[in-house]
Amino acid sequence: MKLIVANHKMNLTLPEVLDYKHKIESIDTSKVKLVICPSYPYLVGLDSNKYYLGSQNVGMLDSGALTGEISAKQLSFLHVSYVIVGHSERRTLLNENNNDIKQKIEQVLKSGMHTILCIGEDKDENEKGKTKRVLKNELSVLKDISPISLSKVIIAYEPIWSIGTGKLPSSDEIYDTIEYIKNLIYDEYDVDIKVLYGGSVSPDNIKELEKIKNIDGYLIGGASLNPKKLSDIISKVR
Ligand code: PGA
């Protein structure tokens with residue numbers, strides 16, 4: 001079953017998100033595993049038996065003096081099952097580095113939730129043929145995580161230049177990159193890992209994306225904010 005992750009980012013007000021929940025609950029989600037990642041305050045009260053709840057971020061520490069942060073343990077008490085870590089917006093705009101990301105993954109796994117680790121190259125790196133090197137470096141945060149815990153890690157391959165731009169790599173490029181990620185993790189850790197594709201996924205391109213054999217699901221930003229578009233995408237996922 002494919003994993004469909006809706007990343008709301010910093011969008012929707014309380015009335016809007018409640019309306020969204022109502023609409024999503026009327027969609028047939030039985031053929032996919034749907035994860036909704038609203039803004040932090042809406043995690044309380046947004047759980048549903050129609051989808052899983054996800055968080056867009058998590059704090060690096062167990063507890064204590066870290067103003068404005070939320071711990072993995074706190075999230076786990078809100079019925080959160082999945083936590084996005086290392087989204088490119090956090091890496092680039094908020095200077096998150098591999099060290100921070102590694103700590104966050106450890107916190108999430110310790111609290112029994114799944115981690116969705118985002119990786120991806122920017123435009124310049126892509127054009128200079130550095131994609132694999134970038135991905136390998138971003139995946140190095142998985143070192144020292146036990147194979148059992150690794151089974152709770154999902155990778156989201158999101159080329160930064162594709163996020164919110166309407167531009168996607170070719171199907172062959174996506175296939176090759178996902179294959180590279182899966183093989184690298186299998187060779188280094190002996191684990192079969194699931195890889196999602198993210199970056200401008202929409203009702204218009206989902207049919208094409210669905211032809212790519214090694215995609216295990218999608219991380220969707222913009223289009224996921226619109227219940228109709230999300231429903232369209234879900235209906236086309238096999
Ligand atoms: P997008 O965002 O679908 O709007 O491109 C994806 C993401 O940033 O996770």
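Note that the numbering runs from 1 along the sequence shown for the chain. Remember, it's 1-based here, ligands and their atoms both numbered in the order they're listed.
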For the residue pair E121 / Y157, report whether a side-chain donor-acceptor contact shorter than 3.5 Å exists.
yes
Does the cation-pi check pass for K213 over Y175, that is, NZ or CZ under 6.0 Å from the six-membered ring centre and within 45° of its axis?
no
L135 with I116, same ILVMFWY side-chain cluster at under 4.5 Å
no
Separation of H114 NE2 from L3 CG (nearest 0.5 Å)
8.5 Å
Which residue holds the protein heavy atom closest to [atom], what is that atom called, and what is the gap in Å?
atom	value
atom 3 (O) of ligand 1	G221 N, 2.8 Å
atom 4 (O) of ligand 1	G222 N, 2.8 Å
atom 7 (C) of ligand 1	E158 OE2, 3.1 Å

Indicate yes or no: at least one non-hydrogen side-chain atom of Y40 is less than 4.5 angstrom from one of Q74.
no
Tell me whether A223 reaches ligand 1 (any heavy atom closer than 4.0 angstrom to a ligand atom).
no
For the 3.5 Å polar cut-off, considering only N or O atoms, please tell me whether G164 and ligand 1 meet it.
yes
Can you name the atoms of ligand 1, numbered from 1 with element, that are less than 4.0 Å from a heavy atom of [X]?
X	result
L219	9 (O)
H87	7 (C), 8 (O), 9 (O)
G199	5 (O)

S30 and D28: side chain to side chain donor-acceptor pair (under 3.5 Å), yes or no, with the steps?
CA-CA 6 Å; S30 61; D28 177 13; 2.7 Å; yes
Start with the C-alpha gap between R91 and E138, add the side-chain angles, then the distance that decides, and say whether salt bridge (Lys or Arg N to Asp or Glu O under 4.0 Å) holds.
CA-CA 11 Å; R91 291 181 194 259; E138 290 179 336; 3.7 Å; yes
Heavy-atom distances under 4.0 Å decide this one: backbone, side chain, both or neither, for N7 against ligand 1?
side chain
